[in-house]
Amino acid sequence: MGAVKKQQPQPGIARWRFALVAVLLCLLALALVLHLARLQVVPEAERGYRFLQDQGRQRTIRTEEIAAYRGAILDRNGELLAVSTPVHSLWANPQVLREASAEELRRLARSLGAKPASLAKRLEKYRNKEFMYLRRHLAPEEANDVLALDVAGVYSKKEYRRFYPAGEVVAQLVGFTNIDDRGQEGLELAYNDWLTGEPGRQQVVKDLKGRVVRDLATQREARPGRDLRLSIDMRLQYLAYRELKRAVTENGAASGFMAILDTRSGDVLAMANQPSFNPNDRAGVKSAAMRNRALIDQFEPGSTVKPITALAALESGRYQPHTKIDTSPGYIRLPGKTLVDPVNYGEIDLTRVITKSSQVGITKIAMDLEPNSLRELFYRLGLGEAVGSGFPGEAAGVLPSRSRWHPIERANFAFGYGLTVNAVQLAQAYSVLANAGLKRPVSLVLSGAGESTPERVVEEPLAREVTAMLETVIGAEGTGKRAAVDGYRVAGKTGTVHKVGSDGYVDNRYRSVFAGFIPADQPRLAAVVVIDDPSHAKYYGGEVAAPVFGKVMAGAMRLLQVPPEEIESAERQLAVQLSERGNKS
């Protein structure tokens, strides 16, 4: 057998090498621990834990605005006229959304009710921006359906949208807001600062897709806007709107408006306009329908100021209600024009001049009065100056002042031509007569401070004498008998005014007017009705405007629970009888 070969021992790892590797591994672990400690424990270290926390916060913590609730608008009884409801608006970061796939963009466009090409075009337009609205004012469930697509770069924010429960009935007065909830028209604009709240701010944590995962802290609470309570009584407003709309339709008129004042406080209780619009859906609405004609439109009042001319005659001391005025032969010639009555009334007293609305009688009175004395009386009653309602665009009217008056100017002025007013001004003037000469400020807002302090502008006996004249206008022989209300004494005056065209007054175009108050003995309401440009056979104020007054006031007396005259008389008699029995006992 051959000799067995002896196995050579394998060389082992040198101890120093093993030790070296072990030390290096320990040092590496120690360096890692020191680095982690420097990052997470040592606050002063460069790019330490504070730096990392700050970077993390910048990427995940955001400060967002908390939308503020806009104050509500209510009528005097608390009925809502304008209220804000919560909605959601979808927005996107175009720089993130452009990275979405074509399929995601198609699904997103479809859920938004838009075309993919339109969405792509908008993304291209805003490619250098970080904010772009996708859809505004969606219901929460609609917004959630879009967010459920989980498309990166699409977000939602809470906003408020204005809603108007009364719709077109009070649209011109209340006005409306734009998509950003800022007042644009009407009292929404006039009281925008009062109604607008102050947005709040809060910190939130968002994930990489921009979704809120946690609320951290509220930095400032949102302050809601303050409510605005109007003087309007929606019961009367609905009534006035319904009858006005009916009259405009039946007479083929271009427009119409009506204002009702509380004679005791000066509060505007109703202000209706035709045509109107739905403030909740303004698509295709013409600007003319948005105008609050009762305060913005100026018109010549015509014969409705003849009672004021009669008042000026009484103030002169040369006339009494029974003073005779010869209107024969039924017309009067002035330089440049002849003024005619419908018939020859002959010799009639001042009261009958108002009853029959005699042009000749009023002209003779005007020629006998100092011209500026009549203008001064008009001004005392509130004509020629804004009523101070605060409504945007309120017309002050035109009250001319001349050093020398041409005879025809004096006559025209006395029966309502050559000056302009708005409906509320004329209603305020009649309210002065209703209040026996006391003038109160007009208000659209319920202050809650009680009745305003009146100013005496006409002597009480004279105002009552004119009121008695106005009652005859509603009688069987007067021009305003269609304004009568069963069971109540009514005082008022009709007016039929020629409209102005490009070449002066137009013969066959009119504005029908009625102004009055009720009850005449203890007035509660003063109102003015104007029907503009009736196109059917009827156009006189007594035929077109007076019936609106009568129907609205009949309903208003029931709503305000004002008892008819015969009931009041019976109650007074019963009170007297009970008092007499008590004295005997």
Side-chain angles (χ1 to χ4, degrees), residues 297-313 315-316 318-319 323-350 352-379 381 383-384 395 397-421 425-426 429 479 493-513 515 530 532-534 539-542:
D297 281 17
Q298 304 179 62
F299 61 94
E300 291 178 308
S303 296
T304 56
V305 300
K306 286 179 180 177
I308 303 177
T309 302
L311 176 59
E315 285 190 335
S316 72
R318 298 193 298 275
Y319 291 84
T323 300
K324 297 295 184 180
I325 299 165
D326 188 4
T327 66
S328 297
Y331 61 86
I332 183 171
R333 289 192 176 95
L334 296 178
K337 190 170 185 180
T338 298
L339 301 172
V340 183
D341 279 338
V343 297
N344 180 7
Y345 295 120
E347 188 177 70
I348 56 177
D349 61 20
L350 179 58
R352 194 163 178 80
V353 166
I354 299 301
T355 307
K356 291 298 186 180
S357 197
S358 169
Q359 298 283 78
V360 176
I362 286 294
T363 300
K364 288 195 170 184
I365 294 171
M367 294 301 103
D368 189 43
L369 295 176
E370 201 284 313
N372 285 320
S373 66
L374 180 56
R375 183 197 183 278
E376 190 270 336
L377 177 57
F378 282 166
Y379 188 78
L381 295 181
L383 307 185
V398 175
L399 193 63
S401 177
R402 298 181 175 89
S403 57
R404 296 184 62 184
W405 293 75
H406 190 277
I408 192 61
E409 290 176 335
R410 294 171 64 178
N412 284 339
F413 196 63
F415 51 74
Y417 285 87
L419 71 154
T420 62
V421 300
Q425 284 177 317
L426 188 56
T479 59
K493 184 69 183 73
T494 59
T496 307
V497 188
H498 284 279
K499 295 194 66 173
V500 178
S502 57
D503 297 322
Y505 291 103
V506 183
D507 289 336
N508 60 350
R509 296 186 65 190
Y510 302 91
R511 186 174 280 114
S512 305
V513 188
V530 180
D532 186 31
D533 210 7
Y539 58 85
Y540 287 112

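A side-chain donor from one of K306 and S303 sits under 3.5 Å from a side-chain acceptor of the other. Under the 3.5 Å distance criterion, with hydrogens and angles disregarded, a donor-acceptor pair is assigned to the side chains of K493 and S357.
A 4.5 Å side-chain heavy-atom check between I348 and T355 finds every atom pair outside the cut-off. Inter-residue side-chain proximity for D326 and K364 is flagged as met; some heavy-atom pair is nearer than 4.5 Å. In this structure, V513 and T494 have side chains that are not in contact, with every pair of non-hydrogen atoms separated by 4.5 Å or more. Side-chain contact between V421 and T304 is absent, with no heavy-atom pair separated by less than 4.5 Å. You'll find the side chain of L377 reaches within 4.5 Å of the side chain of L311, heavy atoms only. Contact of the I362 side chain with the V353 side chain is registered, since non-hydrogen atoms from C-beta on lie closer than 4.5 Å. Contact annotation: the side chain of I308 approaches that of L381 to within less than 4.5 Å [non-hydrogen atoms, C-beta and beyond].
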Verify side-chain contact (heavy atoms from CB on, under 4.5 Å) between I408 and R410, making sure each step is shown before the conclusion. CA-CA 5 Å; I408 192 61; R410 294 171 64 178; over 6 Å; no
Between V506 and V500, is the side-chain contact (heavy atoms from CB on, under 4.5 Å) condition met? List the steps. CA-CA 6 Å; V506 183; V500 178; over 6 Å; no
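Remark: the backbone N or O of V360 is not paired with any side-chain donor or acceptor of T327 at under 3.5 angstrom. A donor-acceptor pair under 3.5 Å is formed between the side chain of D349 and the backbone N or O of R352. The backbone N or O of D532 lies less than 3.5 Å from no partner atom in the side chain of R511, so there is not a single donor-acceptor pair. Within the 3.5 Å criterion, the main-chain N or O of H406 finds a donor-acceptor partner in the side chain of E409. Looking at E300, its side chain never comes within 3.5 Å of a backbone N or O of G302 through a donor-acceptor pair. In this structure, D341 contributes its side chain and Q359 its backbone to a donor-acceptor pair below 3.5 Å. Although no hydrogens or angles enter the test, the distance criterion places no donor-acceptor pair under 3.5 Å between the side chain of T420 and the main chain of G397. Looking only at distances, no side-chain donor or acceptor of S512 sits under 3.5 Å from a matching main-chain atom of T496.
Taken to the nearest 0.5 Å, the CG atom of L374 stands 11.0 Å off from the OG atom of S316. For the atom pair CG of L334 and CG of L339, the computed distance is 5.5 Å after rounding to the nearest 0.5 Å. Rounded to the nearest 0.5 angstrom, W405 CH2 and N412 CG are separated by 10.0 Å. To the nearest 0.5 Å, atoms CD (E315) and CG (L369) are separated by 10.0 Å. Rounding to the nearest 0.5 Å gives a distance of 8.5 Å between CD of Q425 and CZ of F299.
Listed here is the closest heavy atom pair of M367 and A411: CE-N, 3.7 Å. Residues V305 and F415 share a closest heavy-atom pair of CG2-C, 3.9 Å. Shortest non-hydrogen contact noted between S401 and R375 is CB-NE, 3.4 Å. Shown here for L399 and L383, the closest heavy-atom pair between the two residues is CD2-O, 3.5 Å. In plain terms, the two heavy atoms of P400 and V398 that are nearest each other are CD-O, 3.8 Å. For the pair T309 and A414, the tightest heavy-atom approach, listed with the atom from each and the gap, is OG1-O, 2.6 Å.
Of the residues Y510, Y539, Y417, the one that meets the ring pair (Phe, Tyr, Trp, His ring centres under 6.0 Å) test with H498 is Y510.
Comment: R318 engages D368 in a salt bridge, judged by a side-chain N to carboxylate O separation of less than 4.0 angstrom.
Surrounding OH of Y331 are at most 12 heavy atoms belonging to other residues, nucleotides or ligands under 6.0 Å away.
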